[in-house]
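Worksheet: one structure, shown below.
Lettering of chains follows the sequences in order, A, B, ..., and the numbering in each one begins at 1.
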Amino acid sequence: DGGITQSPKYLFRKEGQNVTLSCEQNLNHDAMYWYRQDPGQGLRLIYYSQIVNDFQKGDIAEGYSVSREKKESFPLTVTSAQKNPTAFYLCATQDSMNTEAFFGQGTRLTVV
Amino acid sequence: ELKVEQNPLFLSMQEGKNYTIYCNYSTTSDRLYWYRQDPGKSLESLFVLLSNGAVKQEGRLMASLDTKARLSTLHITAAVHDLSATYFCAVDPNYGGSQGNLIFGKGTKLSVKP
């Protein structure tokens, strides 16, 4: 099955805890992105990576970290420094021609 | 700073009516994307517009791009309830450069009523 797999679908975080959201793709796309969506809002870019072992901060990177050790994987860690992490997180990929972005099914993170 | 503005942000339509959603952006770009999002779901790609004057149609939806005016429209013809969703436009601000991240509008929440 080709596509982008995000896991888990739902995630609950306690105060002061780090949590990691998984994003795996088998589309052989070079570029991968993490977006955050708050209720009734558009998407805001957290981090992106154009190639393995390289990534760049987006507009709201504070309190988040990423790694890109493999082309297929781009995990996002929400650290305790992110004070308001409750949101819907979407991972996306683009091919080398940057013609279209494809999205995973999302992870809904809630602080408890 | 690139801005992408959609209007209206909320749209309530009756079935069978026509309407247009507008997407204005503030920088030069030849690439614009339209997505649909159902409640609690991810984004589904609707249209990819890659040049000035591009027009694409799928069913009751038609999208166009005017890069000189920095404007894209999403036209809905004879709306049906199944079109109820939130529609996002997104602009690629760095086409041809080293980045490909998309900048999104806030979305237009469409509700089609019988």
Would you say that [X] contacts [Y] through its side chain, given a criterion of any heavy-atom pair below 4.5 Å between the two side chains?
{"X": "A/Trp34", "Y": "A/Leu21", "result": "yes"}
{"X": "A/Lys71", "Y": "A/Asp30", "result": "yes"}
{"X": "B/Arg36", "Y": "B/Leu83", "result": "yes"}
{"X": "B/Asp92", "Y": "B/Tyr33", "result": "yes"}
{"X": "B/Ser72", "Y": "B/Phe47", "result": "no"}

Practice item. Write down the atom of B/Val55, the atom of B/Ser64, and the distance for their closest heavy-atom approach. Key: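 Looking at all heavy atoms of both residues, the shortest contact is CG2-CB, 4.0 Å.
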### Task
Give, as side chain, backbone, both or neither, the part of A/Arg44 having an atom under 4.5 angstrom from any heavy atom of chain B.
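A/Arg44 has no heavy atom closer than 4.5 Å to chain B.
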Contacting region of A/Gln6 [heavy-atom separation from chain B under 4.5 Å]
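Neither; nothing under 4.5 Å.
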* Asked: Do the ring planes of A/Tyr47 and A/Phe55 sit parallel (below 30°), tilted (30 to 60°) or perpendicular (above 60°)?
  ->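 The arrangement is perpendicular - the two ring planes meet at more than 60°.
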Hey, can you tell me if A/Phe103 and A/Tyr35 have their rings parallel, tilted or perpendicular (30° and 60° cut-offs)?
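Tilted, since the angle between the ring planes falls between 30° and 60°.
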*Part of B/Gln6 within contact of chain A (heavy atom distance under 4.5 Å)*: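 Neither part, no heavy atoms under 4.5 Å.
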Test item: [X] side-chain N/O and [Y] main-chain N/O as donor-acceptor pair under 3.5 Å:
{"X": "B/Asn18", "Y": "B/Ala78", "result": "yes"}
{"X": "A/Asn26", "Y": "A/Gly3", "result": "yes"}
{"X": "B/Arg70", "Y": "B/Ser26", "result": "yes"}

_Pick from B/Ser42, B/Gly105, B/Ser45 with the largest number of heavy-atom pairs that fall under 4.5 Å of chain A_ =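 Among the listed options, the one with the most contacts to chain A is B/Ser42.
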Of the listed residues (B/Leu43, B/Ile103, B/Val4, B/Leu9), which shares the most heavy-atom pairs with chain A below a 4.5 Å separation?
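Option with the greatest count: B/Leu43.
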*Listed by residue number, which members of residues 72-92 of chain A have a heavy atom under 4.5 Å from any heavy atom of chain B?*
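Those residues of residues 72-92 of chain A which have a heavy atom under 4.5 Å from chain B are A/Phe88, A/Leu90.
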Could you name the residues of residues 106-114 of chain B that have a heavy atom within less than 4.5 Å of a heavy atom in chain A?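 Heavy-atom contacts from residues 106-114 of chain B to chain A are B/Lys106.
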- For B/Glu15, does the CD atom sit with more than 12 other heavy atoms under 6.0 Å from it, leaving out its own atoms?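 Yes, enclosed.
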